[in-house]
Amino acid sequence: MLGLRTGICLPQTILARSTSSSNCQSQYNHPRSMFEKITNLDDALILFDEMTQRQPLSSVLKFNQLLQAVTKMKHFASSIELFKQMNPLCIPFNVYTINIVINCCCKIYRTNEGFALLGYGFKHAIEPNVFTFSTLLNGLILEDKVLIAERFFKKLIKEELCDPNVIMYSTMIKGLCKCGINDKALALLRLMDKKGYKPNVVTYNTIIDSLCKDEIVDDALKLFKHMVFDKNIRPTVVTYNSLIRGLCNLCRWDEASKMLKEMEAEGVFPDVWTFNILVDTLCKEGKVEDAEGVIKLMIQRGKDPDVVTYSSLIDGYCLQGEMRKAREVLDSMEFRGLIPTIVTYSSLLNGYCKKSRIEEAMNLFQEIIKKGLKPNVITYNTMLQGLFLIGRYKDAYKLFSEMRSQNVIPDRCTYTIVLEGLCNNNQVDEALSLFRLMGDNKLNSYINVYIILINGASKSGKLDIARNIFKNLNDKGLEPNVQTYNVMIGVFCREGLMGEAKELFIEMEKRGCSPDSVTYCVILQGFIKKEEHGMIETLLKEMEDKGFSLDASTLSMRCYINYIRKVNYKRRLPGQEETRKAFGYHSDSTIIGSHQFKVSNVITKVSGDGLWLNEAPTEDQNTKRSHFQPPPYHPVADH
DNA sequence: GTAGGGTTAG
């Protein structure tokens, strides 16, 4: 692991420096204006009233400072409200004012109103500048309207509506990263560099972080090196945090540890975020004791653990099933003066639910409400899942109604949980009527919902309904995906309706949805049950041609193995030949998600006696692997 | 002399 129990070895002098600097802070951090002293909204409002009545009237500057102070406290709606009040009082405003208020609109996801303000500004002869446009651009991105943002950005540049700068480009890059278009983000990075808008550390951090999130850490590291060595830009703690998180997520602990040492050697010191990343990933890996060690270390370093730190720890204990300890952590937070958020509580709630300790979950849920916290959609989803899990579907349904009466809008997860919960508890009719009630709801276009219902209906013997749901997909303008086909084919196979299964199997290909290895295995199992050897041979041949391998799912392995076993049994052969036929070109080591395992181990395990298979296939060991590798990226090559 | 961009939690 990270060797954190022994601590990251920081020289004493550095430790001394970091503690003394925090002591000195008050000495150097004198508020620059009286507005920076304002720490609560009430004071700001009182001051605002006073300023509006003052004669002569306070300057625009003063009003702007006040608005900004309110904004800094994240009271965005209040800021907007104050601006609205300024209007009838004929208090003058300028482009700074407009920019502050537009920013507030954007931060509460009301970018449209931000654009309206832009118009309002025009009416008052206030000309927007690059700040105005960057803020609006950011607003669109915050609302996930990246395509519109991109159009807006291009228009600004093309029509030269403002002088773009590094922030504007960086904002656009953030938008591209947000929807996972890393390539385009990188292209824009190169373009801005070429045009002379020098990307800075924030620009690089944005892309580095995005690459790390997409688990393309090697590319992130390349970009990092490019930034440091070719561009001479010093990384900040944010850069290191992104990289460390990326490495930890991939369990590349040694490199993460190295990165920690490297940052310290470079004079960039871990902050609360850095420690939280370590705590969080260690907890997720089940190393809660190590996480506790990190917390001790951070305290030693004068970095106070915060709500996020303890929330991760609670998550860690829940994952281990140590609910008592998880609860203790929560209680200790209040003792330390940290106020747990709804996220903290939801983690604990999730722990109770997963352990089917529903009474404690219910009590905690009540406790949350008593504390004045508002359960969010995640809280409700967690609770619903717990109730369905132990079969209390009536209570779950009641809670589902309650959440809506509390104005918590169910999301995709909620519907999936409720529909699946009802189906699993033999309440398919309820599920179907809820589905009908959903009507034109956006969630109706969520394909998973159909998969659940098709499965549910067929399992409770309502084959016609399952068939109809599938057929109706077209009417809703939905194209079945491979998973939907797999489920429907699976239903037919289960019912022994191999004719219909085969028909659908052919149809999907025709409609441009190629069967995947799951499809093959599902249908293969159907034919194996019917002992239609001709079809089995054909399908196996097709799979071989398509290069489908064992690693797609456990199901697929069972398919092969059952078949081979059968053949072996009938022919009374050691089975080496058949094994090669089935596994021949596949690699020995395969990856499912992030878990790696040896096919040979599994085979020996499944075959049990190991009589006919004790040798792993050897041909083309690495052909399948390359499939899982990220596309190559060489930022340096372009320069 | 006032405004805009980057990192954690199911």
Side-chain angles (χ1 to χ4, degrees), chain A residues 32-33 35 59-69 71-72 93-104 106-107 114 128-139 141-142 162 165-175 177-178 199-210 212-213 235-246 248-249 271-281 283-284 306-316 318-319 340-351 353-354 376-383 385 411 413-414 417:
Chain A
R32 278 193 319 228
S33 76
F35 297 97
S59 66
V60 187
L61 171 70
K62 295 280 175 224
F63 276 102
N64 289 348
Q65 284 175 330
L66 178 70
L67 284 181
Q68 185 62 358
T71 308
K72 282 266 152 68
F93 59 92
N94 59 15
V95 67
Y96 291 85
T97 331
I98 288 282
N99 289 346
I100 294 166
V101 185
I102 289 180
N103 187 28
C104 289
C106 293
K107 290 275 156 68
N129 57 21
V130 64
F131 283 78
T132 326
F133 292 125
S134 299
T135 310
L136 286 165
L137 189 69
N138 191 41
I141 292 161
L142 280 175
C162 74
N165 60 17
V166 57
I167 294 187
M168 186 167 242
Y169 273 95
S170 302
T171 307
M172 192 62 244
I173 285 176
K174 176 182 77 164
C177 288
K178 199 177 173 192
N200 58 22
V201 68
V202 176
T203 324
Y204 280 98
N205 285 351
T206 309
I207 310 183
I208 287 173
D209 187 66
S210 175
C212 286
K213 284 213 174 95
T236 64
V237 67
V238 176
T239 327
Y240 285 110
N241 286 349
S242 289
L243 289 167
I244 290 170
R245 170 163 285 276
C248 286
N249 278 342
D271 60 3
V272 177
W273 284 60
T274 324
F275 287 112
N276 282 352
I277 289 164
L278 300 176
V279 170
D280 189 47
T281 41
C283 282
K284 287 210 165 67
D306 62 8
V307 181
V308 178
T309 324
Y310 290 112
S311 298
S312 295
L313 192 61
I314 288 175
D315 241 2
C318 286
L319 202 71
T341 64
I342 190 67
V343 179
T344 324
Y345 279 106
S346 296
S347 285
L348 190 61
L349 195 72
N350 187 42
C353 287
K354 289 275 145 64
N376 61 17
V377 62
I378 295 168
T379 326
Y380 277 105
N381 288 353
T382 308
M383 203 62 218
Q385 226 165 2
D411 63 6
C413 273
T414 321
I417 291 164

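The analysis underlying the following values was restricted to heavy atoms, covering all of them including side chains, and did not include hydrogens, waters or symmetry mates. Lettering of chains follows the sequences in order, A, B, ..., and the numbering in each one begins at 1. Here the structure is a predicted model, which is why all the values come from computation and not from measurement.
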> With centres under 5.5 Å and planes under 30°, do Phe131(A) and dA3(B) count as stacked?
Replying inline: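 So Phe131(A) counts as stacking on the base.
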> Are any side-chain N or O atoms of Asn138(A) and backbone N or O atoms of Ile141(A), one a donor and one an acceptor, separated by less than 3.5 Å?
Replying inline: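 Flag not set: sc Asn138(A) to bb Ile141(A) has no pair under 3.5 Å.
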Return the nearest nucleotide to the side chain of [X]; candidates are [options].
{"X": "Asn64(A)", "options": "dT2(B), dG1(B), dT8(B)", "value": "dT2(B)"}
{"X": "Lys213(A)", "options": "dT2(B), dT7(B), dA3(B)", "value": "dT7(B)"}
{"X": "Lys284(A)", "options": "dG5(B), dG10(B), dT7(B)", "value": "dG10(B)"}
{"X": "Asn200(A)", "options": "dG5(B), dA9(B), dG4(B)", "value": "dG5(B)"}
{"X": "Asn99(A)", "options": "dA3(B), dG10(B), dG5(B)", "value": "dA3(B)"}
{"X": "Ser59(A)", "options": "dG5(B), dG1(B), dT8(B)", "value": "dG1(B)"}
{"X": "Gln65(A)", "options": "dT7(B), dT2(B), dG5(B)", "value": "dT2(B)"}
{"X": "Asp411(A)", "options": "dG10(B), dG5(B), dT7(B)", "value": "dG10(B)"}
{"X": "Val202(A)", "options": "dT7(B), dG4(B), dG5(B)", "value": "dG5(B)"}
{"X": "Lys72(A)", "options": "dA3(B), dG1(B), dG5(B)", "value": "dA3(B)"}

Taking atom types as they are modelled, is there a donor-acceptor pair under 3.5 Å from the base of [N] to the side chain of [X]?
{"X": "Ser134(A)", "N": "dG4(B)", "answer": "yes"}
{"X": "Asp209(A)", "N": "dT7(B)", "answer": "no"}
{"X": "Ser170(A)", "N": "dG5(B)", "answer": "yes"}
{"X": "Asp315(A)", "N": "dG10(B)", "answer": "no"}

>> I'd like to know if the side chain of Thr344(A) pairs up with that of Thr341(A) as donor and acceptor (distance under 3.5 Å, no hydrogens or angles considered).
In response: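 Checked: Thr344(A)/Thr341(A) side chains pair up, N/O donor to acceptor below 3.5 Å.
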Do any side-chain nitrogens or oxygens of [X] fall under 4.0 Å of OP1 or OP2 in [N]?
{"X": "Lys174(A)", "N": "dT7(B)", "value": "no"}
{"X": "Gln68(A)", "N": "dA3(B)", "value": "yes"}
{"X": "Asn103(A)", "N": "dA3(B)", "value": "no"}

> To the nearest Å, how far apart are Phe133(A) CZ and dG4(B) P?
Replying inline: 17 Å
> Rounding to a whole Å, what distance do you find between Arg245(A):CZ and dA9(B):P?
Replying inline: 6 Å
>> Using a strict threshold of under 4.0 Å (side-chain N to carboxylate O), is an ion pair present between Asp280(A) and Arg245(A)?
In response: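 Yes.
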>> Taking ring-ring contact (aromatic ring centres under 6.0 Å, His included) as the definition, give me every residue that meets it alongside Tyr380(A), ordered by chain and number, with sequence neighbours left out.
In response: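 Listed in chain order: Phe365(A).
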> Using a cut-off of 4.0 Å on non-hydrogen atoms, how would the nucleic acid contact of Asn350(A) be classed: base, sugar-phosphate, or nothing?
Replying inline: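 Sugar-phosphate, no base atom in range.
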>> Test of understanding: with side chain to side chain contact (heavy atoms under 4.5 Å, CB included), list the residues that count as partners of Thr206(A), not counting sequence neighbours.
In response: Ile173(A), Lys174(A), Cys177(A), Val202(A)
